[in-house]
Amino acid sequence: MGAVTPPRTPAAKSPKQDRSRATRQRLLEAAVACLADHGWAGSTVSVVAERAGVSRGAAQHHFPTREDLFTGAVEYVAEERSAALRALPVQGRTAVVAALVDLYTGPLFRAALQLWVAASNEDQLRPRVTELEGRVGRETHRIAVELLGADEERPGVRETVQGLLDMARGLGLANVLTDDRARRDRVVAQWARLLDEALR
């Protein structure tokens, strides 16, 4: 009688699952980088797969459609940035305002902007991006309220925090074509002073 092969344990599957998670993460990060660097038109599944160092088939295994890949990528990095914001120690309003503005001036914002433009012309993509941006916007607002120690029960406070986020988005747009850091730093300092008065 031959030897009996023991059943596979969950631990035996772990390396394969780890590789699958790592592949997925590489694809998401590559998709964001491609959107930021090449825009929607230049960001195909093949381009992303090559940048991630995986086959096109592996990419499609994780993300069956192009829309799945790019909405997943922006959502993934938005969650990473939200986690980073939540982990910020409270260091004063200037640091909080600067961190929130940074959220809108990095590669994630450039990638999201490309996705918004594509969604404005792609009927299949628009509802997914609209839903995603609504979720990301609500979470960012909630984190901003916590970091600023804002009391939204007071009249005008909710609008003040939303105004900060809208201003940060505007600074992100200004930064797309040129490095606007010098002006941005002055605006951040002024907004922090205004918030101190408004939230006092």
Side-chain angles (χ1 to χ4, degrees), residues 20-85 97-141 143-144 162-185 187-188 191:
S20 179
R21 277 193 293 272
T23 298
R24 181 180 172 83
Q25 185 168 336
R26 282 202 317 273
L27 283 164
L28 292 170
E29 291 169 353
V32 170
C34 284
L35 271 179
D37 293 347
H38 308 299
W40 176 256
S43 297
T44 63
V45 174
S46 296
V47 168
V48 171
E50 183 178 342
R51 188 168 189 149
V54 303
S55 70
R56 181 185 168 91
Q60 289 182 310
H61 169 75
H62 287 280
F63 302 98
T65 69
R66 184 182 187 207
E67 290 79 10
D68 291 335
L69 174 61
F70 288 106
T71 54
V74 173
E75 182 173 26
Y76 164 76
V77 182
E79 287 168 0
E80 292 290 300
R81 291 294 295 150
S82 291
L85 281 175
V97 172
L100 290 166
V101 167
D102 285 347
L103 181 66
Y104 291 98
T105 54
L108 169 62
F109 180 76
R110 288 195 302 276
L113 185 59
Q114 295 293 336
L115 204 57
W116 297 343
V117 172
S120 71
N121 298 313
E122 302 264 347
D123 291 338
Q124 186 177 359
L125 191 58
R126 188 179 304 119
R128 297 179 74 171
V129 173
T130 301
E131 190 273 333
L132 169 64
E133 286 303 320
R135 236 181 326 122
V136 169
R138 287 187 297 276
E139 175 69 1
T140 303
H141 184 100
I143 292 170
Q162 191 57 52
L164 164 63
L165 296 175
D166 291 343
M167 179 273 303
R169 191 177 297 113
L171 290 174
L173 283 170
N175 199 60
V176 167
L177 296 177
T178 59
D179 184 352
D180 202 32
R181 182 170 300 279
R183 184 178 73 92
R184 189 168 70 239
D185 289 345
V187 171
V188 164
W191 261 90

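This chain uses plain numbering: 1 for the first residue, then up along the sequence.
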Any residue meeting salt bridge (charged side-chain N to carboxylate O under 4.0 Å, His left out) with Glu139, in chain and number order, not counting sequence neighbours: Arg86, Arg142
Partner set under side chain to side chain donor-acceptor pair (under 3.5 Å) for Arg184, not counting sequence neighbours: Asn175
Atom pair CZ (Arg138) and CD1 (Ile143), whose distance is rounded to the nearest 0.5 Å: 13.0 Å
Which atom of Ser20 lies closest to which atom of His62, heavy atoms considered: OG-CE1, 3.1 Å
Heavy-atom side-chain contact between Asp166 and Gln162 under 4.5 Å: yes
Test item: Ser120 side-chain N/O and Val117 main-chain N/O as donor-acceptor pair under 3.5 Å: yes
Shortest non-hydrogen contact from Ala174 toward Arg183: CB-NH2, 3.7 Å
Atom pair CZ/CG of Phe63 and Leu69 - distance to nearest 0.5 Å: 5.5 Å
Chi angles and distances behind the salt bridge (Lys or Arg N to Asp or Glu O under 4.0 Å) call for Glu50, Arg56: CA-CA 8 Å; Glu50 183 178 342; Arg56 181 185 168 91; over 6 Å; no
Set of residues satisfying salt bridge (charged side-chain N to carboxylate O under 4.0 Å, His left out) with respect to Asp185, sequence neighbours excluded: none
CA sep, side-chain torsions, deciding dist, call: Thr44, His38, side chain to side chain contact (heavy atoms under 4.5 Å, CB included): CA-CA 10 Å; Thr44 63; His38 308 299; over 6 Å; no
Leu173 CG to Thr105 OG1 distance, which is reported to the nearest 0.5 Å: 11.5 Å
Residue pairs, two or more places apart or on separate chains, that pass ring-ring contact (aromatic ring centres under 6.0 Å, His included) and touch residues 163-185: none
Note: Arg135-Glu75 ion pair, threshold 4.0 Å (strictly below): yes
Arg181: salt bridge (charged side-chain N to carboxylate O under 4.0 Å, His left out) partners, not counting sequence neighbours: none
Atom of Leu125, atom of Trp40 and distance for their closest heavy-atom approach: CD2-CH2, 3.7 Å
Considering all heavy atoms, the nearest Val45-Ala59 contact: CG1-CB, 3.9 Å
Pairwise side-chain contact, Leu28 with Val32, heavy-atom cut-off 4.5 Å (strictly under): no
Closest non-hydrogen atom pair between Phe109 and Gly172, with its separation: CE2-C, 3.5 Å
Aromatic Trp116 / basic Arg126 pairing, under 6.0 angstrom, 45° off normal: no
Minimum heavy-atom distance Cys34-Val47, with the two atoms named: SG-CG1, 3.8 Å
Inter-residue atom distance Thr140.OG1 - Leu100.CG, 0.5 Å rounding: 8.0 Å
Non-neighbouring partners of Arg110 that pass salt bridge (charged side-chain N to carboxylate O under 4.0 Å, His left out), sequence neighbours left out: none
Side-chain donor/acceptor of Thr71 to backbone N/O of Val129, under 3.5 Å: no
Nearest-0.5 Å distance that lies between atom OH in Tyr76 and atom CD in Gln25: 3.0 Å
Point-to-point distance, once rounded to the nearest 0.5 Å, from OG of Ser46 to CZ of Arg66: 10.5 Å
